[in-house]
**Student:** 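Sharing a structure here in structure tokens format.
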Amino acid sequence: MSNDIRQIAHALLSEGKVSSVIGYAEGSLKGRVQTLIAHTAREAEKFIFNENCVNNLAVYLTKSYGLINKDKPAAVFLKPCDIKSVTALIQEHQLRREDVFIIGLSCQGVKNGNVMAGKCMGCSIHNPQYYDAIVGETVEEKEPGISDPFAKVKEIENMTTQERWDFWMEQFDKCIRCYACRQACPLCYCEECIVDKTQPRWIESSSHPIGNLSWHLIRAFHLAGRCTGCGECDRACHQNIPLSLLNMKMGKEIFELYGYRPGMDTEAKPPLTEFKMEDSEEFIR
Amino acid sequence: MNENFEPKIAAFVCTWCTYTGADLAGTSRLKYEPNVRVLRLPCTGRIDFSLVIKAFENGADGVLISGCHPNDCHYNAGNFHARRRFAIFRKLLEFTGIDPNRVQFSWVSAAEGAKWRDVVNAVTDEIRKLGPFNEYQKLIHDSFPFRHEDSGAEEISEKEQVENVK
Amino acid sequence: MARIGVFVCHCGENIGRTVDCPEVSRRAALLRDVFYSVDYKYMCSDPGQNMIKDAIREHGLTGVVVASCSPLMHEKTFRRAVTEAGMNPFLCEIANIREHCSWVHEDRKAATDKALDLIRIMVEKVKHNVALESIRIPVTKKALVIGGGIAGIQAALDIADGGKEVILVEKSPSIGGHMAQLSETFPTLDCSQCILTPKMVSANTHKNIKLYTYSEVEKVSGYIGNFQVTIRKKARYIDESVCTGCGICQEKCPVKKIPSEFNEGLGMRKAIYVPFPQAVPNKPVIDREHCTKFINGKCGACEKLCGPKAIRFDQTDSFITEDIGAIVVATGYDLYTIDKKTDNTLKGYGEYGYGKYPDVVSGLQFERLVSASGPTYGELKRPSDGKTPETIVFIQCVGSRDAAKGVSYCSKICCMYTAKHTMLYKHKVHNGKAFVFYMDIRAGGKNYDEFVRRAIEEDGAVYLRGRVSKISQEDGKLVVMGADTLSGAQVEIKADMVVLATAIAAQPDIVPLAQKLGVGYDQYHFLSEAHPKLRPVETNSAGIFLAGACQAPKDIPEAVAQASAAASKVLGLFSSLELEREPYVAKVNENTCSGCEFCLMACPYNAIERREIKNRRGEVIKTVSYVNEGKCQGCGTCVSICRSKSIDLMGFTDEQVYSQINAMFV
Amino acid sequence: MTPGMKKYKLKTGYTELVQCLLQKGKNVIAPKYSGRTLLFAKIDNAADAVLPDKYVNTVRSAKEFMFPVTEPIVEFSYGNKDVKVFDPVVEADEKIIVGLRPCDAAAFTVIDDIFNYEYKDEFYFTRRRNAVLITFACETSDEACFCTSVGLSPESPQGSDILFKKNSSGTYIAYTNSEKGEMVIRQAEELFEELTESEEENNSIYEEVSRSMRKPLDTVKIKEWLDKNFESTKWDEYASRCLGCASCAFLCPTCHCFDIVDEVKYEGGLRRKNWDACQFPLFTLHASGHNPRDIQSKRYRQRVMHKFKYYSDRFNKTLCTGCGRCVRSCPVNLDIYQVVSEITMEGVENE
Amino acid sequence: MAYGYYPGCSLHSTAKEYGMSLMAVCRKLSIELNEVEDWNCCGATPAHTTKEELGIALAYSNLLNASRQGLEEVLAPCAACYNRLKTAKYALNHSELLQKRMDEITGGKVEHEVKVFNILEFFRDIYGQDNLKAAILKPLAGLNVACYYGCLLVRPSKVVNFDDPEDPQSMDELIRLLGGTSVNWSCKTECCGGSHAIPETDIVLELGKRIFSSAQSAGAKMIAVACPLCQANLDMRQHQINEKYKTDFKMPVVYITQLMGLALGISPVELGLNSHFVSTGELVKQF
């Protein structure tokens, strides 16, 4: 798998079809991989692909300065779950399809640390949805590993209100507001995040109980109907706060209420920008 | 739960329907509980999640959001957008352990003065039963540990302040 | 540093009775940044307003909070006052301590504390107010009047006489509305045709009025001064420009037996018909359901016989879009249906046998029977056997004032037209006996009560104060069983005919139109006026006015008065070149906007467009959203959709709302 | 061994030591698991304290006990027309931090200089005075550790009041390093006894640990390269991978930057001192909108420069104790050791 | 087919003809009616006028017995019984409190829902009009019948919810189905005086007079009823009405089931037509 990757990257760079190639390279720690943004064909040799390539490289399409320039597209190696992030970015007008040369990777599931990544257990898309080039033979779609990806969400839902409050207060207490969850998320591309705004300061930026609670609430709400479940926020959080539970809960509610799955269709209108007459309102007096 | 607890309720209402309905409740001299502080906004479409959180952070025990009935919105779609937004963030609050009954929603039209009185009384009653929002008060106290109230930290005298500034 | 002035109004004793205004004013003076605080008995009066103006000049105030009645009431007044003192009007805010405080609470201490809270909230808001200029938008000097009854015609004529173009849209083939169906009108008994037809003709011939009959409003978009209205001109299957109105086609049309809507089903009309002789325009319409040409392709007699060849069987509905500055809704009323409802909910008045006994008729049907242009050409003949009725029983309040089975309101005009009916009946059948069952006679207009006394004393109508319990048919006679509460006796009258004064109700299909216009309506589907006493002909949607029975049951004089009132409002709107609109529009902060276009997708008015920011070499650096101030109505949906708060709504900015919330529970 | 270091033999195990300190009513802080995250936390029952040979290091350093994530530094309340300002009250109750690693303890000696530079930060030093640091030499390390590259070792005593090292027979020897250390030994003297020369034999385990670590680098060579390469294209190459998430700065025991923020309610507010990081664009955003470090490569350069050049220019110390937390926590595995070592290699080529 | 049958007090006694004719018709149409075991009086007007709960409890215990017996559909021919059973069902499913109270009093709980039908509903909806039509041997040709519904069969409409309270048509349809002609008269749902028959007899006479005169003027030869009390008041008092008002009504008052029996070819005697106050001779002659 790794040498096909190197061949494609080398070809693209040497023919000058793309301005750069974003891929994975050998990590400095066991079980880790580094990202590599190659601009010259020579660097293409370092590209690899193995079971530790859990990073979602789509995050660089909005975060790296000057990566996307108008004349030549940037190539990027994307697993099917990462392609969902690109779909969402195109849908939200942050990218044009022609700016990205997608090298699709069919994927059997990757590891986070030494255990299968959470997002892979419930994954049902193993082959890239759309791509400009593809690496690896097609994987037959098999039932997701675990029966219900929302098991943990349901577990928390069944707690009493007080238990849920205590659970989350204990988690949010660990938060030191390093915003790694924001920086690692491909869909958090705002020029100036609401938490950095001071006039008015809607979200207190200090790491105290009020600040932490409102930060995590607003982050989850801002990703409602947008988060594609790539799990990067969970992985980036060194305090192991189960952030993706909040996003999965939002995803579950939006699907149950409005039957919308994010990251599926670049033309779809995001759920919170439209409405239907028969939307549920049983909670309104 | 002490009986003489008077809940503090923040109400975000739209100008064209609920605010006018509340005015009608006034002109018809209908009586209701004084616990609600009404904040007028053009439309429920303008009411977003950060307003509700900020209300709780300022000591509200309950939040009431009210606007035009579907299809009656003066801006013809504001309340539809709001309805979806409310449905979602209500679930989020519930998921993080905030009692969803602390945030109430209603449609009150400009002709429904009586309904506005009933909604206010009902919400005040429900929140009074739920009692003060202790969890959030604790958060507020931990995040804003004002010393001078309880420990009487002594005030930096005028002179000293000037020095610090220099 | 902000220098805020607080002005607490007693509003006579409306506020003063429950809120301790001097105390509130004293405590308000202690609020942060408040440099002047005073209370006065009538802040909206001239001395009150002068007090504000002087305070602004003397104390150099940068913001004013008037604690008084609802902003919907006097915000404009106080904003005009501060403008005269040289302060930008939008630096003045209103704290509603009357409708939202003194009138709805009794405990004086709680009301006073709440009043102070409401003032503090507004003081905090005003500190973040920014001087704004009203938005000027061009006004299309053309009005649209929906509904061609007397109200619509009067409004159209007044506007047209004011020199402005009017589009008059009428759903049925001819204008005239329900008034055209009446024989004579109270209280002067002058024939409705004589006073109405001239107005109809002048409406049709007025150079400023364009008449679209047999047409309906399909779609309304835009906003005050800039509406775009699409009108559906239903296919008449006649080319109006060619047809001379000679009437041959109506004579020769073989399909006769269609109950005429104009005659309330008593008379018959042809498949090609003109509703009534004085119809304007006097051009026929082909009724597609009953015309054999459409049913099986045969006949076509009218086409053959039409001299100027005006028949167009292939005609289809056509759509016209007009740019409109203001709209007057004059869609009128309809009678409350009292026979068994179609979905046989058991409401309605089965016990009166309406729909079962042919001689039990509605008020309008009686009008047609006594009208010269009616099915019996003015001869009062009862529908069952055409005999002239010796005894007629009139029943008032059928459906009105009856919350259980009908509607709870009083329809206002039935007492008058029933008295008129008894007079018309006695003038036609001198020895006829007229009985009227009533609860209370409501004849409050000019010369109204005298009119009813005349019906009783001169024309001998017998008024029985009581309700009718049941009407049954016994050998050709209608046995009316009722009570006479004044004599305390059961009454049984064998009548030849019964006329029911059914309630006035809203047009059945008004709700979709109201929703297209964004106009509110109450539970009986009468359109909601902006303020029952002070703005009866305006609605909450700027630029849309009401006239006539669509707003509430009313008689012709009131309908005409409202029509002229609405017309004057329209002419007032059209008098200024540009319209000043409140500057509550959204503005985008292009530095932090990431161009995700969520706001663009959510905006109900499509007021947000894409804008490319280019560097000097013309390369597009980024695309951001841009708000078209003309279209933006200031609803704020975009502000709450924007995740990075890069768009804000003037007048209700984030900073204002934030500071208000901070000051709520101190 | 610095002079004046006394040696005592700990008769019992680690948990008993913690238990004894608790019984003496001390406020003990030690590594404890919260879920699967190992953090310093207040210990209530000794069993929670994880044994020193069972972990490499905590996720967050002990920096936060001297320089908290957020602390109010000034309080003010609005009167009617005036503003009253109140002196801050620094909660600095005595605490004993047990289970530190030498790299964390040494970090305090490094940042003591900056907190005392031109303005003595009383918030920091009040807490510093009231804290006793009890370090346990590292018996294991992982591939991220590189303390040997910055002049430290698994057993270096800098900064700790007491350093515990195991002798070859496995009992802990306490090397007191300061008066505070001595005081703790006196307060728990029933657990200690004078150490006889013979029992003190050094344990070879600590040499093995430092040998197993990554090849030590030469901070002098690194500084020389940095002096000359402010404009090098290397920074773009490294930084393009960095997401700017500042986990490294927040977890680093030596990063000490903070931001002053006013949090205001209606009646008054607090001026708070919060952790900040040069990795955030907001850190250097000017009011005019200009930002000297607007792109990530400039910010990442700042991080490396500050640690290996600017700090030694001023204090002749490297602002890094090689604890490896930044390497472990970086979501994109941008390894500062790898960056710095590649520089030293390149440094060789340039000559 | 087997259905529940709640005779009520009169069908075995004062309204024996109604019971006999019903049984005859059911035998003819092979409908099996099994009486509700241990049924008790439905309480009619006296019960609920004295104590609301008593009225409901009496009706409820019948429903209880029927459900214990496994009956799902019960025919209650007498209008008063039908009305009381329906009122009980309506009241119970509109207030849990009442339901709890009833369970306490009767000590039981209705397992499955018991549906209650009056005679017209039964033959129209359950047995089915076309089956009935098929079984007709002698259509009631030339018979002008005034269908008299009385009040309890159709009112209060919200509770009983059977046909239009002002202008019911179901009996008229049945008569037309049987071949007879139902006249259009206006006292279909006028009260017959009901239980005033004993204490205030002249009320019954006055109301009866109006009913007979209206029926006669509409050309009816007989009055068909579906309620024992209406039959009694009209049939028994006809001669008293004639004496008091000097009228000469000779109008037989028959049960709808008797007319059905004739149409199905059952002998008049079997239908109890020989024991009416106003002789049914004229009518019977034809069959």
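In what follows, chains carry the letters A, B, and so on, assigned in the order in which the sequence lines appear, proteins first and then strands, with residues in each chain numbered from 1. Keep in mind that this is a model prediction, so the values were computed, not measured.
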**Student:** Which pairs count as ring pair (Phe, Tyr, Trp, His ring centres under 6.0 Å) when at least one residue sits in residues 178-214 of chain E, sequence neighbours excluded?
**Tutor:** E:F212-E:F249
**Student:** Could you give all pairs that pass the ring pair (Phe, Tyr, Trp, His ring centres under 6.0 Å) test and reach residues 147-180 of chain E, with sequence neighbours left out?
**Tutor:** none
**Student:** Calculate, to the nearest 0.5 Å, the distance between atoms NZ and CG belonging to C:K356 and E:N184 respectively.
**Tutor:**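 Between atom NZ of C:K356 and atom CG of E:N184 there are 6.0 Å.
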**Student:** Can you tell me if E:F277 has over 12 outside heavy atoms packed within less than 6.0 Å of its CZ?
**Tutor:** no
**Student:** Using a 3.5 Å cut-off and no angle test, enumerate the donor-acceptor pairs between side-chain atoms of residues 422-429 of chain C and protein atoms at least two apart in sequence or in another chain.
**Tutor:**
residue, atom, partner, partner atom, Å
C:T422, OG1, C:A419, O, 2.4
C:Y425, OH, C:P389, O, 2.7
C:Y425, OH, C:E390, O, 2.6
C:K426, NZ, C:G432, O, 3.4
C:K426, NZ, C:D459, O, 2.6
C:K428, NZ, C:G378, O, 3.2

**Student:** Among residues 476-493 of chain C, which ones touch chain E with a heavy-atom distance under 4.5 Å?
**Tutor:** C:M481, C:E492
**Student:** Taking atom OG of C:S472 and atom CZ of E:R210, what is their separation to the nearest 0.5 Å?
**Tutor:** 7.5 Å
**Student:** From C:Q473 CD over to E:S214 OG, what is the distance, rounded to the nearest 0.5 angstrom?
**Tutor:**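 Here the interatomic distance stands at 10.5 Å.
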**Student:** Within a 6.0 Å radius of atom CD on C:E379, are there more than 12 heavy atoms belonging to other residues, nucleotides or ligands?
**Tutor:**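 Open: at most 12 neighbouring heavy atoms sit under 6.0 Å from CD of C:E379.
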